[in-house]
Amino acid sequence: MDRVILEKHHHYAVIYLNEPETLNAFSRGLKEQLLLTLQEVEKDESIHIVILAGKGKSFCAGGDLKGMAQKLTTLEIKHGMDQAAKIVELIRRMPKLVISAVHGYAAGAGMSLALASDLIIAEEGSKFSLSFKNVGLIPDLGLLYHLPKKVGEWKAKEWIWRGVTIPVEEAYEYGFIYEIAEKNQSLERALVLVEDLLKGALQAFIQSKFIINSSSSLSFEEVIQKENMSQIFLRTTLDHSEGVWSFIEKRKPEFLGK
């Protein structure tokens, strides 16, 4: 059985975590296949948007505790952590828009994976769980970077130290999910969003993604410089030309993502 399923469509792809018997726990095999799949999608210039989803009853139930029970060397543990880190780094840096369609649980590493994406759509009844304290670990895969940016340092500490489970309604109130979908509709709502985004100037979206993702480590002056460099590039794109001429000709623009 493929631990990860890739479906390519017209200008977008859906990547499914596919170990439903473990609620898509982040096993070694799943991590290896997910990284390879993301690398394949990154190289495919026909794909502009990626949806991450989970087969079965949950998006991702977090770390593979049975795998953690095995006796591993420090180097083996480091290899696994480095591999997992490459996944979230790739999600953040790839020139694609990444949407997580969450249902059931996004627990531990699953929450980290969702927060690394550009937007999250989560359906009614879904939950985000910070269960790291229960196994004597800290959040990883970038969660200690993303969560404080979303909810503030104090709230992030409280949630992490208490090991809370966050209902989708509370997640929406704190602003780290884009939309609450009806039951069994998270993927369908993500596809509606994809259809809308594909009509837009995708190169502009991607440039803004890059700058926003790096802005917290940059000074104001450095952000201005990055904005200027991106704007210079975007002024040369077909989409910019189409946007200008559609305005002049008083018609709706037809962007090509180029």
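By convention here, the first residue in the shown sequence is residue 1.
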Visitor: Evaluate whether atom NZ of Lys149 has more than 12 neighbouring non-hydrogen atoms of other residues, nucleotides or ligands under 6.0 angstrom away.
Guide: yes
Visitor: For a quick test of reading the model, state the closest non-hydrogen atom pair linking Gly108 to Ser131 and the distance between them.
Guide: N-OG, 4.3 Å
Visitor: Are more than 12 heavy atoms, taken from residues, nucleotides or ligands other than Glu222, located less than 6.0 Å from that residue's CD atom?
Guide: yes
Visitor: On a heavy-atom basis, which atom in Cys60 and which in Phe26 lie closest, and how many Å separate them?
Guide: SG-CD1, 4.2 Å
Visitor: Please check this pair: side chain of Asn24 against backbone of Gly54, looking for a donor-acceptor N/O pair closer than 3.5 Å.
Guide: no
Visitor: For the residue pair Ala61 and Thr22, what are the closest heavy atoms and their distance?
Guide: CB-O, 4.0 Å
Visitor: Any carboxylate oxygen within less than 4.0 angstrom of a Lys/Arg side-chain nitrogen, looking at Lys8 and Asp44?
Guide: yes
Visitor: Would Val102 and Leu52 count as a side chain to side chain contact (heavy atoms under 4.5 Å, CB included) if you check the C-alpha gap in whole Å, the side-chain angles of each, and the deciding distance to 0.1 Å?
Guide: CA-CA 8 Å; Val102 172; Leu52 295 177; over 6 Å; no
Visitor: Taking all non-hydrogen atoms of both residues into account, name the closest pair between Leu17 and Phe59 and its distance.
Guide: CD1-O, 3.5 Å
Visitor: Give a yes/no verdict on a cation-pi contact between Lys55 and Tyr16, requiring under 6.0 Å between NZ or CZ and the six-membered ring centre and an angle within 45° of the axis.
Guide: yes
Visitor: Does the side chain to side chain contact (heavy atoms under 4.5 Å, CB included) test come out yes or no for Val4 and Asn18, once each step is laid out?
Guide: CA-CA 5 Å; Val4 174; Asn18 188 39; 5.9 Å; no
Visitor: If you take all heavy atoms of Ser230 and Ile211, which pair is closest and at what distance?
Guide: OG-CD1, 3.6 Å
Visitor: What distance do Lys157 atom NZ and Leu147 atom CG have between them, rounded to the nearest 0.5 Å?
Guide: 12.5 Å
Visitor: Counting only heavy atoms from other residues, nucleotides and ligands, does the tally under 6.0 Å from NZ of Lys78 exceed 12?
Guide: no
Visitor: Once you round to the nearest 0.5 Å, how far does CD of Gln33 lie from CD1 of Ile5?
Guide: 9.5 Å
Visitor: Going through the distances and angles, do Leu144 and Ile160 end up as a side chain to side chain contact (heavy atoms under 4.5 Å, CB included)?
Guide: CA-CA 9 Å; Leu144 289 175; Ile160 291 164; 3.6 Å; yes
Visitor: When rounded to the nearest 0.5 angstrom, what distance separates CD1 in Ile99 from CG in Leu119?
Guide: 6.0 Å
Visitor: Main chain of Thr236, side chain of His240: is a donor-acceptor contact present, judged purely on distance under 3.5 Å?
Guide: no
Visitor: Mark yes when over 12 heavy atoms from residues, nucleotides or ligands other than Gln39 sit less than 6.0 Å from its CD; otherwise mark no.
Guide: yes
Visitor: Take Val168 and Glu123 through the test side chain to side chain contact (heavy atoms under 4.5 Å, CB included) and record every step on the way to the result.
Guide: CA-CA 7 Å; Val168 66; Glu123 65 184 43; over 6 Å; no
Visitor: With ring pair (Phe, Tyr, Trp, His ring centres under 6.0 Å) as the rule and sequence neighbours excluded, what pairs involving residues 154-173 come up?
Guide: Trp159-Tyr174
Visitor: At their closest point, which heavy atom of Ser186 faces which heavy atom of Ile121, and how far apart are they?
Guide: O-CG2, 3.9 Å
Visitor: Any side-chain donor paired with an acceptor under 3.5 Å for His79 and Arg28?
Guide: no
Visitor: Can you check ring pair (Phe, Tyr, Trp, His ring centres under 6.0 Å) on Phe176 and Phe128, steps first, answer last?
Guide: CA-CA 11 Å; Phe176 67 82; Phe128 297 83; 5.4 Å; yes
Visitor: Any side-chain heavy atom of Phe255 within less than 4.5 Å of one from Asp239?
Guide: yes
Visitor: Under 4.0 Å between a Lys/Arg side-chain N and an Asp/Glu carboxylate O for Lys86 and Asp82?
Guide: no
Visitor: Tell me, yes or no, whether the heavy-atom count around Phe210 atom CZ, taken from other residues, nucleotides or ligands under 6.0 Å, exceeds 12.
Guide: yes
Visitor: Any chance you could measure Glu19, atom CD, to Ser27, atom OG, to the nearest 0.5 Å?
Guide: 3.5 Å
Visitor: If you draw a 6.0 Å radius around CD in Glu254, do more than 12 non-hydrogen atoms from other residues or ligands fall strictly inside?
Guide: no
Visitor: In terms of side-chain geometry, is the basic nitrogen of Lys96 or Glu42 positioned less than 4.0 Å from the acidic oxygen of its partner?
Guide: no
Visitor: Are Leu35 and Leu143 grouped together when hydrophobic residues (ILVMFWY) are joined by side-chain heavy atoms under 4.5 angstrom apart?
Guide: yes
Visitor: Does the His11 side chain pair with the main chain of Ser46, one donor and one acceptor, at a distance under 3.5 Å?
Guide: yes
Visitor: To the closest 0.5 Å, what do you measure between CE (Met229) and CD (Gln207)?
Guide: 10.0 Å
Visitor: Between the side chains of Tyr105 and Thr165, is a donor N or O closer than 3.5 angstrom to an acceptor N or O?
Guide: no
Visitor: More than 12 non-hydrogen atoms from neighbouring residues, nucleotides or ligands closer than 6.0 Å to CZ on Arg251, yes or no?
Guide: yes
